[in-house]
Amino acid sequence: MHLSSTPILIYVASCAAGTAAVRIAKAKGLQVTAVCNGQNAERVKALGADHVIDYTKDGYDGLLLKYDAVFDASGKINKTKAKRHVKQNESLHPSRGKVWRENRKKIYTI
């Protein structure tokens with residue numbers, strides 16, 4: 001698989017850790033979907049995000065697909081909901097918390 005076809009999701013992409021994650025992911029050639037407040041959408045898009053989703057809109061969760069990796073820059077997202085967007089045998093990366101595995105979906109702390 002070419003990295004440019006590797007989709008990743010970055011939650012809270014407008015915070016310090018999130019903006020760094022967007023830049024690093026784009027530098028690695030990944031396809032980035034960023035979730036942030038709509039007020040920050042243009043800034044996150046300027047960092048290189050391919051798609052930006054406004055989490056303040058009702059039903060935003062329904063717009064999300066399945067991703068090879070999910071990075072939670074805040075460490076506060078609902079892990080159960082987030083895991084729905086992780087492809088089987090791929091990774092969810094919260095920025096805080098403990099390292100654990102569940103149902104073949106890897107959860108890591110960064």
Side-chain angles (χ1 to χ4, degrees):
M1 174 186 281
H2 292 43
L3 283 180
S4 62
S5 64
T6 302
I8 69 161
L9 177 66
I10 300 173
Y11 275 101
V12 195
S14 59
C15 72
T19 58
V22 170
R23 288 180 179 196
I24 291 167
K26 290 311 296 178
K28 297 286 186 183
L30 302 173
Q31 181 185 15
V32 175
T33 297
V35 176
C36 66
N37 186 306
Q39 294 174 342
N40 298 317
E42 288 303 316
R43 188 178 101 198
V44 172
K45 191 99 169 146
L47 293 171
D50 299 293
H51 310 282
V52 178
I53 296 175
D54 182 352
Y55 70 78
T56 65
K57 305 259 184 188
D58 286 339
Y60 86 90
D61 198 57
L63 299 173
L64 303 175
L65 307 171
K66 293 279 188 179
Y67 301 90
D68 287 350
V70 174
F71 177 74
D72 171 24
S74 72
K76 296 179 182 177
I77 64 169
N78 180 306
K79 306 303 183 268
T80 302
K81 285 184 180 180
K83 284 190 283 185
R84 289 187 296 194
H85 303 296
V86 181
K87 291 179 182 175
Q88 184 150 349
N89 297 322
E90 299 300 341
S91 303
L92 169 65
H93 300 277
S95 64
R96 299 178 202 150
K98 295 181 180 178
V99 177
W100 53 285
R101 286 180 193 231
E102 182 178 321
N103 298 330
R104 297 172 146 189
K105 291 184 180 180
K106 300 172 205 164
I107 313 277
Y108 296 104
T109 299
I110 299 234

Nearest atoms (heavy-atom pairs only) where Tyr11 meets Asp61 | OH-OD1, 4.1 Å
Residues passing the side chain to side chain donor-acceptor pair (under 3.5 Å) test with Lys26, sequence neighbours excluded, are Asp50
Distance, nearest 0.5 Å, that separates CG of Leu30 from CD1 of Ile8 | 5.0 Å
Atom OG1 of Thr56 and atom CD of Gln39: how far apart are they, to the nearest 0.5 Å?
-> 7.5 Å
Which value, rounded to the nearest 0.5 Å, describes the distance between Lys28 atom NZ and Ile24 atom CD1?
-> 8.5 Å
If you take all heavy atoms of Ser14 and Asn40, which pair is closest and at what distance?
-> OG-ND2, 3.3 Å
Is there a donor-acceptor contact under 3.5 Å from the side chain of His85 to the main chain of Leu65?
-> yes
Val22 to Ala13 - nearest heavy-atom pair and separation = CG2-CB, 3.9 Å
Which pair of non-hydrogen atoms, one from Ile10 and one from Ala25, has the smallest distance, and what is that distance?
-> CD1-CB, 4.5 Å
Please tell me if the side chains of Val35 and Leu9 come closer than 4.5 Å, counting only heavy atoms from C-beta onward.
-> yes
Closest approach of Ala73 and Val12, non-hydrogen atoms and distance?
-> CB-O, 3.6 Å
Check Asp54 against Gly38 and note the closest heavy-atom contact, atom names and distance.
-> OD1-N, 3.0 Å
Would you mind listing every salt bridge (Lys or Arg N to Asp or Glu O under 4.0 Å) that reaches into residues 31-47, with sequence neighbours excluded?
-> none
Side chains of Tyr67 and Val86: does their closest heavy-atom pair fall under 4.5 Å?
-> no
Rounded to the nearest 0.5 Å, what separation is found between the SG atom of Cys15 and the CG atom of Asn37?
-> 12.5 Å
